[in-house]
Amino acid sequence: MKRADLKEALQTCLRRNDQPKTVTLQGGGKIAVLPLADIRYAESRNHGCVFHMVQGERPFPIPLTQAEQLFPKVRFCRCHNSYLVNLAQIREATSREVLLFDGSCLPIGRRYAKQFQKKFISYLNINSL
């Protein structure tokens, strides 16, 4: 095996396995720890975020841009001005919308389309190894 191939394999392994399991949110006098695997997507609503979880919704008083900064960039991606999606929850994506395994359908904003497509393909490539 070539040195460059080994380096790439190790980097891929680290990206896949060296990820946090939770995210800690702090805002409005509240602190919450959410399991990343349970978050389907985050939605900007009423000057805060609603986290759509495997078991219901969790509102939290932070802006979506702040939530986006806290989440692992290899696993979550902004697909619209109002949505941040967990790439592991996506069943299918078109140029205009994202369909999740639970049946939810999120729009893809024109402004985010190229970035979303690039991140989703990268996510799929890393996780298919």
Side-chain angles (χ1 to χ4, degrees):
M1 177 180 272
K2 294 180 184 175
R3 183 180 205 112
D5 293 339
L6 178 60
K7 181 179 177 182
E8 184 178 336
L10 288 172
Q11 287 174 338
T12 299
C13 183
L14 282 172
R15 281 193 307 265
R16 289 179 70 194
N17 298 312
D18 191 30
Q19 294 295 317
K21 305 285 187 242
T22 62
V23 63
T24 303
L25 306 173
Q26 184 175 1
K30 293 171 61 175
I31 296 175
V33 178
L34 303 179
L36 291 170
D38 291 351
I39 301 170
R40 291 188 171 123
Y41 63 97
E43 177 183 8
S44 176
R45 191 190 305 165
N46 298 328
H47 306 290
C49 271
V50 175
F51 295 94
H52 296 264
M53 311 287 292
V54 170
Q55 295 183 351
E57 296 181 356
R58 293 275 315 261
F60 205 82
I62 62 171
L64 188 59
T65 53
Q66 185 179 344
E68 183 178 17
Q69 293 169 356
L70 296 171
F71 284 53
K73 307 228 180 313
V74 296
R75 189 166 178 180
F76 288 83
C77 182
R78 193 82 169 253
C79 64
H80 185 275
N81 197 43
S82 299
Y83 297 100
L84 178 68
V85 65
N86 183 342
L87 298 171
Q89 295 288 329
I90 297 174
R91 179 189 334 199
E92 144 182 352
T94 68
S95 61
R96 301 181 65 101
E97 61 187 17
V98 176
L99 180 64
L100 305 184
F101 287 110
D102 74 339
S104 300
C105 188
L106 307 177
I108 297 176
R110 283 183 296 199
R111 167 179 169 196
Y112 297 96
K114 279 188 178 185
Q115 168 210 342
F116 171 78
Q117 186 179 42
K118 188 176 179 181
K119 273 192 153 181
F120 187 46
I121 289 170
S122 176
Y123 173 82
L124 292 173
N125 286 335
I126 287 172
N127 289 288
S128 67
L129 298 175

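- One finds the CZ atom of R78 at 7.5 Å from the OG atom of S44 (value rounded to the nearest 0.5 Å).
- Both I90 and L124 belong to a common hydrophobic cluster when Ile, Leu, Val, Met, Phe, Trp and Tyr are linked at side-chain heavy-atom distances under 4.5 angstrom.
- With values rounded to the nearest 0.5 angstrom, F51 atom CZ is found 6.0 Å from L34 atom CG.
- Atom-to-atom distance recorded for L64:CG and Q69:CD is 10.5 Å, nearest 0.5 angstrom.
- Considering only heavy atoms from C-beta on, V23 stays 4.5 Å or farther from V33 through its side chain.
- Closest heavy-atom contact between F101 and A88: CE1-O, 3.6 Å.
- The same ILVMFWY cluster, assembled from side-chain heavy atoms under 4.5 Å apart, contains both V85 and Y123.
- Note on L100 and V50: separate hydrophobic clusters, where clusters join Ile, Leu, Val, Met, Phe, Trp and Tyr whose side-chain heavy atoms are under 4.5 Å apart, directly or indirectly.
- Under the 3.5 Å distance criterion, the side-chain polar atoms of R40 are matched with a main-chain donor or acceptor of M53.
- With values rounded to the nearest 0.5 angstrom, H80 atom NE2 is found 12.0 Å from E97 atom CD.
- Across A37 and V54, no two heavy atoms sit closer than the pair O-CG2, 4.3 Å.
- Between the side chain of N86 and the backbone N or O of L36, at least one donor-acceptor pair lies under 3.5 Å.
- Residues I39 and Q89 have side chains not in contact (no heavy-atom distance under 4.5 Å, counting atoms from C-beta outward).
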Atom pairs and distances, donor-acceptor, side-chain atoms in residues 105-118, under 3.5 Å, two or more places apart:
from, atom 1, to, atom 2, distance (Å)
Y112, OH, N81, OD1, 3.4

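- Without hydrogens or angle criteria, K119 side chain to K73 main chain gives a donor-acceptor distance under 3.5 Å.
- Residues K30 and F60 have side chains in contact (heavy-atom distance under 4.5 Å, counting atoms from C-beta outward).
- Put simply, CZ on R75 and CG on L87 are 9.0 Å apart, with the number rounded to the nearest 0.5 Å.
- In this structure, SG on C49 lies 9.5 Å from CG on L70, to the nearest 0.5 angstrom.
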